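What's counted below: heavy atoms across the whole structure, side chains too, no hydrogens, waters or symmetry copies. These numbers were taken from a predicted model, which means no experiment stands behind them. Proteins get letters first, then strands, A, B, ... in listed order; numbering begins at 1 in each.
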Amino acid sequence: MKGFAGKILKIDLSKKNFTMIETPKEWMGLYLGGDGFGTKLLYDNLPAKCDPLGEKNVIVISPCLFSGLPISTAGKTIFHFKSPLTDGYGESVMGGAIGAEIRQAGYDSIVITGKAKEPSYIYINDENIEIRSAKYLWGKNTRECPELIKKELKTTRILIACIGQGGENLVKFATVDCEDRQAGRSGVGTVMGAKNLKAVAVVGDKDIPIAHPQRIKELATEWVEKIKVHPTFAEDTKYGTGEFLEWMSNDRGTLPTRNWKQSQFEGNKTISPYYWAPKYSKKNKACLSCLKPCGQLFEITEGKYKGTAVDGPEYETLFSLGSCCGNSDIEALSKANELCDIYGIDTISAGGVIGFAMELYEKGILTEKDVGMKLNFGNSDAVPKMVEMIALRKGIGNVLAEGVKRASEKIGKGSENFAIHVKGQEPPAYDVRGIKGMGLAFATSPRGACHLRSGAYGLELTGKWWKFSGVDRFSSKNKGVEIKTMEDLMTVYDCLGVCKFSRHLFFLEGFPPIIEAVTGRKYTEDELLKVGERVNNLKKLINLREGFTKADDTLPKRIMSEPIPEGPAKGNYIKPEELEEMLDDYYKARGWDKEGVPSKEKLKELGML
Amino acid sequence: MTKILVPYPEKCTGCRFCEIICTLENDGVINSKKARLRIEKRGIRNDIPVVCTQCIACEENCCTNVCPVEAIYMENGVVRIDKDKCTSCGTCVETCPYGVIKIVDNCAVKCELCGGSPQCAKHCIIGALKFEEPVKERYLNVKKMIGVG
């Protein structure tokens, strides 16, 4: 079974022991690695309906099939767990290099169960596994913690994934950080915090097993040559993911603004990287093995936010801590981004919950006394302040740290009408009222609102991509096959660990030759999409086991009742009957019944029964 | 002057593609621990390519001076290791101020510039590693950044 270590490491924090199990041989064909392995391991190891913050929850950390290889933009690591935001299937992908290191240590995945009695961290050096005290690390942020571990272990050659104060304080959307790259979504850091697990530190000394090293080298060079001359290379590296922000606001009218009241932000110019990158970006930062680096080392050298240094801000963050809060001050925005990273909380959810609080403040549901400041939209300095209050659970931050869904339940007074979430997770930067296919994708994503499970926004907004053409973003017709196919395709990316910012490079046809060089096994494109479909069915089964129903495949009230007030997408919203129509179409495309339950025939066809 | 590897930390993104391609070229495997160079990360700001200076800037701590069996020699501006002579005693590994000599399969290995076409620089399209005529200060700067000497 080339391409795989053949071993899965299981660590029980309660019993302070570990076991190694053999990776089932058929998994390679069925699940490919990364997202596939992680989802399968979560399905097999997570007890139904357990408390996401209890000791029964599970964290699976998986390298992907291309992790650690010289395949540019393919360096992802993926986490699976039960999400404390959604109480269902949780997943979070990071660019941090710890996955490749896990692979070098000889494991296809790591499954962490139980709960440590006191703050601990896991140290892994190949077969040497220790659970060490992290008492002295508790309270340290995501930049301090790894430095201290390196000092303790007297090495700089170690990969450390850790939580900050956000995870320790059980902020529901806490992140895990590895070298300033985050597993941002769904509260994986919260689950680590609840397990008293401060960090996972890995050194691997082994070769990554691959079938045809020479062929991999040829492909590595081939792709670097292609990337270098690709038309997107210059812009992607110079401006990063925020490059299309102005277009989203001005041209498409789908940049969510002021807690999704609007979808055009008049302050978009100053938060666009076309403005800030030349001024603040000192150099590119990259994930492991990426030669199309979108990361920007953003530094502020003077003024009240002097000393700020952050890898970012990325497009989603420019929305969440920017337009969602009516904030056009890029310095305050970047400071807030840095604080999110350092404390270890998700920028998307943090901005979502701050925008939510700003709307409640303007509507008088929260007062200056409640929040301790004037919290109007556009109060830029309030954004970093609120991030700190949330991460440290100070004042109103203690309520907002629960995410918009739970915070609105606590606050009451009709605030639930302004809580923008799907399944409990705050959505990313696409006003789906004007991108209806993405609305369906938000509703069906198993981890709650998500742009990356389908990655269909580009195709919706431009009308064509890959196999699709003539797509009408304002229509709710014929979205089922489109979203199903895109979800399955993007899941292949997550199994391989390829960045979705590269989907216009690899599409699907780029993969079979690389997979063959890694594993020695031939895959057709259809087989790969089948893997994606299988994994997506498994994610659905996890949520069904957790008690989710069709009613959870829904959208925020605002999205389904308030038309976009201005701009190119003016007047659009997703009527409940349109969502119903799209869901019917999608379930049919998936071979699920009317309630969204996979049929026996479908599961049989996928080899899952 | 002979071309060698020259580091540009101000451009390095920290992607470590260079480490991976190095071992693939020289060992036929993927294992960054065997790489003849490394990217040292110091905080968010510094990603530092640490490479062999081929005797340009090691100053007193030069591997060619310390090898007890004289397995390390200079040839046309490249410091090479004679595999037949090497006893893998590790003296050079200890001495190298940049920490870029390794013991792989019971033999000391170091950057010998991939026979004149270093794969790391070839693939570093960002320009953090270049194959060009060296400037001594660039290596001394790296030394300072990683806190040696």
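- Not one N or O on the side chain of Lys283(A) forms a donor-acceptor pair closer than 3.5 Å with the backbone of Asn46(B).
- Summarising the geometry, atom CD belonging to Glu225(A) is positioned 7.0 Å from atom NZ belonging to Lys122(B); distances are rounded to the nearest 0.5 Å.
- Summarising the local packing, CD of Glu75(B) is surrounded by more than 12 heavy atoms from other residues, nucleotides or ligands at distances under 6.0 Å.
- Separating the CZ atom in Phe17(B) from the CG atom in Leu69(A) is a distance of 10.0 Å, to the nearest 0.5 Å.
- The existence of a salt bridge linking Arg16(B) and Glu179(A) is confirmed by a sub-4.0 Å separation between a basic side-chain nitrogen and an acidic carboxylate oxygen.
- Contacts between Ile30(B) and chain A at a heavy-atom distance below 4.5 Å involve backbone atoms as well as side-chain atoms.
- Within 6.0 Å of atom NZ in Lys11(B), 12 or fewer heavy atoms from other residues, nucleotides or ligands are found, so the atom counts as exposed in its surroundings.
- When all heavy atoms of Pro70(A) and Leu24(B) are compared, the closest pair comes out as CG-CD2, 3.7 Å.
- No more than 12 heavy atoms of other residues, nucleotides or ligands shown are found within 6.0 angstrom of NZ on Lys140(A).
- No part of Gln214(A) comes within reach of chain B, as not one of its non-hydrogen atoms sits under 4.5 angstrom from that chain.
- Taking 4.0 Å as the cut-off between side-chain N and carboxylate O, Arg42(B) and Glu147(A) do not count as a salt-bridged pair.
- Between atom OG of residue Ser32(B) and atom CD1 of residue Ile208(A) there is a gap of 7.5 Å, rounded to the nearest 0.5 Å.
- Counting heavy-atom pairs under 4.5 Å between each of Val29(B), Ile125(B), Asp27(B), Ile21(B) and chain A puts Ile125(B) at the top.
- Listed for the Asn31(B) side chain is no donor-acceptor partner under 3.5 Å among the backbone atoms of Gln104(A).
- Side-chain contact check for Cys15(B) versus Leu288(A): every heavy-atom pair is 4.5 Å or farther apart.
- Contacts between Lys206(A) and chain B at a heavy-atom distance below 4.5 Å involve the backbone alone (N, CA, C, O).
- Environment of CG in Asn76(B): sparse, with no more than 12 heavy atoms of neighbouring residues, nucleotides or ligands closer than 6.0 Å.
- Between chain A and the options Gly43(B), Gly28(B), Cys12(B), Ala128(B), heavy-atom pairs under 4.5 Å are most frequent for Cys12(B).
- Atom NE2 of residue His123(B) and atom NZ of residue Lys217(A) lie 6.0 Å apart, to the nearest 0.5 angstrom.
- Contacts between Thr23(B) and chain A at a heavy-atom distance below 4.5 Å are absent for every atom of the residue.
- Here the CD-OG1 distance, from Gln119(B) to Thr221(A), works out to 6.0 Å after rounding to the nearest 0.5 Å.
- Counting heavy atoms from C-beta on, the side chains of Lys41(B) and Thr156(A) never come closer than 4.5 Å.
- To the nearest 0.5 Å, atom CD1 of residue Ile44(B) and atom CG of residue Asp180(A) are 3.5 Å apart.
- Contacts with chain A were tallied for Ile126(B), Ile39(B), Asp47(B); Asp47(B) has the most, counting heavy-atom pairs under 4.5 Å.
- At most 12 heavy atoms of other shown residues, nucleotides or ligands fall within 6.0 angstrom of atom NZ in Lys306(A).
- At a threshold of 4.0 Å, the pair Glu10(B)-Lys282(A) does not count as salt-bridged, since none of the basic side-chain nitrogens sits closer than that to a carboxylate oxygen.
- Between chain B and the options Leu291(A), Val224(A), Asp311(A), the largest number of non-hydrogen pairs under 4.5 Å is found for Leu291(A).
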**Report entry** Residues Arg45(B), Lys285(A); criterion side chain to side chain contact (heavy atoms under 4.5 Å, CB included); working and verdict
**Finding:** CA-CA 9 Å; Arg45(B) 292 180 177 85; Lys285(A) 297 285 286 182; over 6 Å; no
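- Note on Ala97(A), Gly204(A), Pro209(A), Ala220(A): by heavy-atom pairs under 4.5 Å with chain B, the leading option is Gly204(A).
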Query raised in the report: Between Ser289(A) and Ile20(B), is a side chain to side chain contact (heavy atoms under 4.5 Å, CB included) present by the stated rule, with each step listed?
Result: CA-CA 8 Å; Ser289(A) 75; Ile20(B) 303 168; 4.0 Å; yes
